[in-house]
**Student:** 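Just dropping this structure here.
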Amino acid sequence: MDIIAPQLLWIHGRCYRVNPTVEIADINEGKRNVDEIVRAGFESFQTEDDDFDNEECYDIDQAPNNQFRTAFDVPSILYGVLVGAKGSTKKRIQFETKTTIKIPKQGVDGPVEIVGSTKSSVISARRRLELIILAARTKQEKTHFLCVPVKHQTVREKFVQFKNQILLNRSITGIDESMFQNINKLHITFGTLSLLNSADRILATELFQESRAIVDKIRSTSSNLAINIRGVEIMNDDASSCNVLYGKVDSPQLQIIADETVNRFIAKGLMQRQYDRVKLHVTLINTRFVNGGEADNARTFDCRSILDTYADYEFGTQNITEIHLSTRYTTATDGFYEATYRLKL
């Protein structure tokens, strides 16, 4: 845990800081008791804005007997962390917030329901549950990603030239052909996310559709949305030990679209903020691609000479014609990833 730059979680636009007293990475890895992790994880979250009004973030209904109620969808795979060992997590939150929490049984679809005598108690319980859900989501396998396909012929040809030059250069070691991106899957990444059930996928599609307004606003002042891919970069500090090499993307217009789109997903808890702004990039080399797979791979390579030689390498320019919500580990008929939704421009 980085004390200077701790992990941040976002719920409904509100930022929570994870204190260094707990490692969220322990969730679901069996290193500690599940209820212990959930309790530590929750208690280490602290708001950075105590005046935030949560009431506007949730739908709170009037329930019988002058009580208040809220209900929200939770992927069934996460029911366990809400219940806790022998129901301890659920019981503790009910006791501390003076509410009643109803969580469906595994295999039964339905919303999580919270009932309490005051709005504030219902809001407090829901906030605690959502913090647990969000922490658990961070450990789930990423299933989808937002991206722009890179299909321009010139860009592809320059990528092939780049690839061949590196493979033929005997002074560059530790890189083989299987580490390069499949030419049919070149894309500009906005970010990755975990969509754990049909409700998640529907919400993601709706959020993605809302990005049309962002695009239309930009298109009102410019007929074409163009990107330029030039130069290479890494996102770690040690160029002598890299896992991934990226192509640098320049497009002020796409930057706005990416930032505002990702912000929508963050606000709904489907993504987590990694940087102040989306780092637009095209993956060129990734050690996880070795042998045609995309599994984790500890292999690294020295890219110092590549960064120097190809600092201004011109991959080319293309217009943006569509943005995808794509499914990881899939291949469509055109060789690209299967799209859950396409936003055509």
Side-chain angles (χ1 to χ4, degrees), residues 7-13 16 24-25 27-29 41 57-59 71-82 103-104 106-112 126 129-149 185 187-215 257-275 278-281 283 286 288 293-296 322-332 336-344:
Q7 181 180 351
L8 301 178
L9 297 180
W10 295 77
I11 297 179
H12 298 291
Y16 293 85
I24 297 301
I27 292 178
N28 294 335
E29 292 185 4
C57 294
Y58 302 128
D59 292 326
F72 58 106
D73 177 79
V74 177
S76 60
I77 194 175
L78 303 181
Y79 288 168
V81 294
L82 299 184
I103 300 172
Q106 286 291 348
V108 178
D109 292 329
V112 170
R126 178 160 174 176
L129 291 180
E130 288 194 337
L131 286 167
I132 294 170
I133 291 166
L134 199 54
R137 263 190 190 276
T138 64
K139 292 305 299 175
Q140 299 300 313
E141 177 74 15
K142 297 296 186 286
T143 61
H144 293 72
F145 60 100
L146 302 174
C147 70
V148 173
K185 291 189 172 183
H187 62 273
I188 299 169
T189 306
F190 289 6
T192 58
L193 60 159
S194 299
L195 303 181
L196 304 179
N197 61 5
S198 59
D200 275 1
R201 291 187 288 274
I202 291 171
L203 175 58
T205 299
E206 291 173 348
L207 292 172
F208 205 28
Q209 289 171 339
E210 292 175 4
S211 298
R212 167 68 63 183
I214 306 170
V215 175
I257 295 171
D259 288 340
E260 296 197 22
T261 298
V262 167
N263 283 342
R264 293 172 188 268
F265 280 80
I266 290 173
K268 293 298 183 180
L270 292 182
M271 296 179 71
Q272 275 299 301
R273 189 181 303 281
Q274 292 182 294
Y275 309 101
V278 173
K279 290 186 178 294
L280 297 174
H281 61 277
T283 299
N286 191 332
R288 295 198 309 170
E294 295 195 26
D296 288 338
E322 54 187 19
I323 305 173
H324 289 199
L325 172 60
S326 294
T327 306
R328 296 184 72 195
Y329 313 124
T330 62
T331 302
F336 196 64
Y337 297 90
E338 291 280 359
T340 297
Y341 184 79
R342 292 183 178 89
L343 183 64
K344 293 186 178 295

**Student:** Check the pair Tyr337 / Phe145 against ring pair (Phe, Tyr, Trp, His ring centres under 6.0 Å), numbers first and verdict last.
**Tutor:** CA-CA 10 Å; Tyr337 297 90; Phe145 60 100; 4.9 Å; yes
**Student:** Under the criterion side-chain contact (heavy atoms from CB on, under 4.5 Å), I'd like the reasoning laid out for Arg201 against Leu325: C-alpha separation, chi angles, the key distance, then a yes or no.
**Tutor:** CA-CA 10 Å; Arg201 291 187 288 274; Leu325 172 60; over 6 Å; no
**Student:** Hey, does Arg126 have a side-chain heavy atom less than 4.5 Å from the side chain of Leu129?
**Tutor:**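 A side-chain contact under 4.5 Å is absent here.
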**Student:** Do Asn263 and Arg273 have side chains that approach each other closer than 4.5 Å (heavy atoms only, starting at C-beta)?
**Tutor:**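 Counting from C-beta outward, Asn263 and Arg273 do come under 4.5 Å.
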**Student:** Could you work out, with side chain to side chain contact (heavy atoms under 4.5 Å, CB included) as the rule, every residue matching Thr327, not counting sequence neighbours?
**Tutor:**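 Residues passing side chain to side chain contact (heavy atoms under 4.5 Å, CB included) with Thr327: His144, Thr330, Thr340.
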**Student:** Mark yes when over 12 heavy atoms from residues, nucleotides or ligands other than Ile214 sit less than 6.0 Å from its CD1; otherwise mark no.
**Tutor:**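 Enclosed: over 12 neighbouring heavy atoms sit under 6.0 Å from CD1 of Ile214.
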**Student:** For His324 and Phe336, work out which heavy atoms get closest and say how close.
**Tutor:**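 Where His324 meets Phe336 most closely, the heavy atoms are ND1-CE2, 3.7 Å.
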**Student:** Just how far is it from atom OG1 of Thr189 to atom NE2 of His281, taken to the nearest 0.5 Å?
**Tutor:**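 Result: 4.0 Å between the selected atoms.
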**Student:** List in chain and number order the residues that pass side chain to side chain donor-acceptor pair (under 3.5 Å) with Ser211, two or more places apart in sequence or in another chain; answer none if no residue qualifies.
**Tutor:**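 Ser211 satisfies side chain to side chain donor-acceptor pair (under 3.5 Å) with Thr261 once adjacent residues are dropped.
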**Student:** Please tell me if the side chains of Ile323 and Leu146 come closer than 4.5 Å, counting only heavy atoms from C-beta onward.
**Tutor:**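 When only atoms from C-beta onward are counted, Leu146 and Ile323 do not touch, as no gap falls below 4.5 Å.
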**Student:** Are any non-hydrogen side-chain atoms of Ile103 and Val74 less than 4.5 angstrom apart?
**Tutor:**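 The answer is no; the side chains never approach within 4.5 Å.
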**Student:** What verdict does the side-chain contact (heavy atoms from CB on, under 4.5 Å) test give for Asp73 and Asn197, after you've listed the backbone C-alpha separation in whole Å, the side-chain angles of each residue and the deciding distance to 0.1 Å?
**Tutor:** CA-CA 10 Å; Asp73 177 79; Asn197 61 5; 3.3 Å; yes
**Student:** Measuring only between side-chain heavy atoms, which start at C-beta, is Arg137 closer than 4.5 Å to Leu270?
**Tutor:**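 SC-SC contact between Arg137 and Leu270 confirmed.
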**Student:** Backbone N or O of Ser194 within a donor-acceptor pair of the Glu141 side chain at under 3.5 Å?
**Tutor:**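 Judged by distance alone, no pair lies under 3.5 Å.
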**Student:** Mind listing the closest non-hydrogen atom pair of Gly269 and Leu134 along with its distance?
**Tutor:**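 So the minimum-distance heavy-atom pair works out to O-CD1, 3.4 Å.
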**Student:** List the atom of Asp200, the atom of Pro75, and the distance in Å for their closest heavy-atom pair.
**Tutor:**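 That closest heavy-atom pairing would be OD2-CG, 3.6 Å.
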**Student:** Who pairs with Glu210 by salt bridge (charged side-chain N to carboxylate O under 4.0 Å, His left out), at least two apart in sequence or on another chain?
**Tutor:**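 Testing Glu210 for salt bridge (charged side-chain N to carboxylate O under 4.0 Å, His left out), a comparison that skips the adjacent residues, returns Arg264.
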**Student:** Within the side chain of Arg342, is there an N or O that forms a donor-acceptor pair under 3.5 Å with the backbone of Ser326?
**Tutor:**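 Pair absent, no side-chain N/O of Arg342 close to backbone of Ser326.
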**Student:** Side chains of Val148 and Phe190: does their closest heavy-atom pair fall under 4.5 Å?
**Tutor:**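 Counting from C-beta outward, Val148 and Phe190 do come under 4.5 Å.
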**Student:** Could you give the distance from NZ (Lys268) to CG (Leu207), rounded to the nearest 0.5 Å?
**Tutor:**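 CG of Leu207 is found 7.0 Å from NZ of Lys268.
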**Student:** Can you name the closest pair of heavy atoms from Val112 and Pro104 and give their distance?
**Tutor:**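 Minimum heavy-atom contact is CG2-CD, 4.2 Å.
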**Student:** Indicate yes or no: at least one non-hydrogen side-chain atom of Thr283 is less than 4.5 angstrom from one of Lys185.
**Tutor:**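 With C-beta onward as the side chain, the pair stays apart.
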**Student:** Which heavy atom of Cys147 sits nearest to which heavy atom of Pro149, and what is that distance?
**Tutor:**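 Looking at all heavy atoms of both residues, the shortest contact is O-CD, 4.0 Å.
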